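One structure is given here, and the rest of the page talks about it.
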Amino acid sequence: MSEHPMVRPVGSTADEVIEFRTREERDAVVVEVLGEVDLLTAPHLTAAVADELDGRAPVVVADLSRVGFFGAAGLQALSPLRERAERAGVALRLLASPAVRRLLALAQAEQELPVHDDLATAVAAPG
């Protein structure tokens with residue numbers, strides 16, 4: 001698993017931080033994201049999740065349940081991750097905070113990027 005240190009965008013305050021924690025959970029790798037996903041931090045989200053899509057685990061869960069802000073750049077970061085996961089034969093699953101769910105609903109992206117209610121459900125989901 002890759003370690004992704006805390007990233008502070010230029011000009012950010014201490015509470016405007018994105019952090020990634022990666023761990024193994026049953027037959028999955030979980031990339032927990034804490035903080036805000038915006039234009040400056042979305043590339044770090046892409047890198048953190050993409051590093052785990054190498055096929056070592058059959059399932060990668062992007063846990064966005066502790067993301068306070070999720071902008072359009074975050075949505076744009078998820079689509080190529082889904083495509084990369086498909087090419088690698090890895091199931092990409094999402095857990096989402098209300099902010100993430102709201103943007104997925106507004107963009108009508110729930111079919112493409114289904115969200116699971118909890119980690120156990122995400123790991124056990126078919127496909």
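Heavy atoms only: backbone and side chains are in, while hydrogens, waters and symmetry mates are out. What you are looking at is a predicted structure, and each value in this text was computed from that prediction instead of being measured.
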Discussion item. Run the side-chain contact (heavy atoms from CB on, under 4.5 Å) test on Val61 and Leu119 for me, step by step, so that the C-alpha distance in whole Å, both residues' side-chain angles and the decisive distance to 0.1 Å come before the verdict.
Written reply: CA-CA 8 Å; Val61 179; Leu119 184 58; 4.0 Å; yes
Worksheet item: Are Arg66 and Glu19 close enough, and set up right, to give a side-chain contact (heavy atoms from CB on, under 4.5 Å), and what steps lead you there?
Response: CA-CA 10 Å; Arg66 295 180 63 189; Glu19 182 178 346; over 6 Å; no
Discussion item. Show, in sequence, the C-alpha distance, side-chain angles and deciding distance for Leu34 and Phe20, and conclude whether the side-chain contact (heavy atoms from CB on, under 4.5 Å) test is met.
Written reply: CA-CA 6 Å; Leu34 299 93; Phe20 304 93; over 6 Å; no
Practice prompt. Could you check Ile18 against Glu36 for side-chain contact (heavy atoms from CB on, under 4.5 Å), going step by step and ending with a plain yes or no?
Written response: CA-CA 6 Å; Ile18 188 166; Glu36 299 182 358; over 6 Å; no
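Of all non-hydrogen atoms in Val60 and Glu52, the two that sit nearest each other are CG2-O, 3.4 Å. Of all heavy-atom pairs between Val123 and Ala28, the closest is CG2-CB, 3.8 Å. Contact record, Ala77 with Ala42: CB-O, 4.0 Å, taken as the closest heavy-atom pair. Minimum interatomic distance between Ala99 and Val67 (heavy atoms only, all atoms of both residues): CB-O, 4.2 Å.
Here the side chain of Thr41 pairs a donor or acceptor atom with the backbone of Asp38 at under 3.5 angstrom.
A single hydrophobic cluster is not seen to contain both Phe69 and Leu75; linkage of ILVMFWY side chains at heavy-atom distances under 4.5 Å, directly or through other members, places them apart.
Checking Val31, Leu95, Val100, Leu104 one by one against Leu64, the side chain to side chain contact (heavy atoms under 4.5 Å, CB included) holds for a single residue, Val100.
Here CG of Leu39 is found 8.5 Å from CD of Gln76. Values are rounded to the nearest 0.5 Å. In this structure, CG on Leu53 lies 8.5 Å from CG on Asp51, to the nearest 0.5 angstrom.
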Just list the side-chain donor-acceptor pairs under 3.5 Å for residues 80-90, sequence neighbours left out, or say none.
residue : atom : partner : partner atom : Å
Arg82   : NE   : Glu112  : OE2          : 3.2
Arg82   : NH1  : Glu86   : OE2          : 2.8
Arg82   : NH2  : Glu112  : OE2          : 3.4

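The stretch residues 116-127 participates, sequence neighbours left out, in these side-chain hydrogen bond (donor to acceptor under 3.5 Å, both in side chains) pairs: Arg101-Asp117, Asp118-Thr121.
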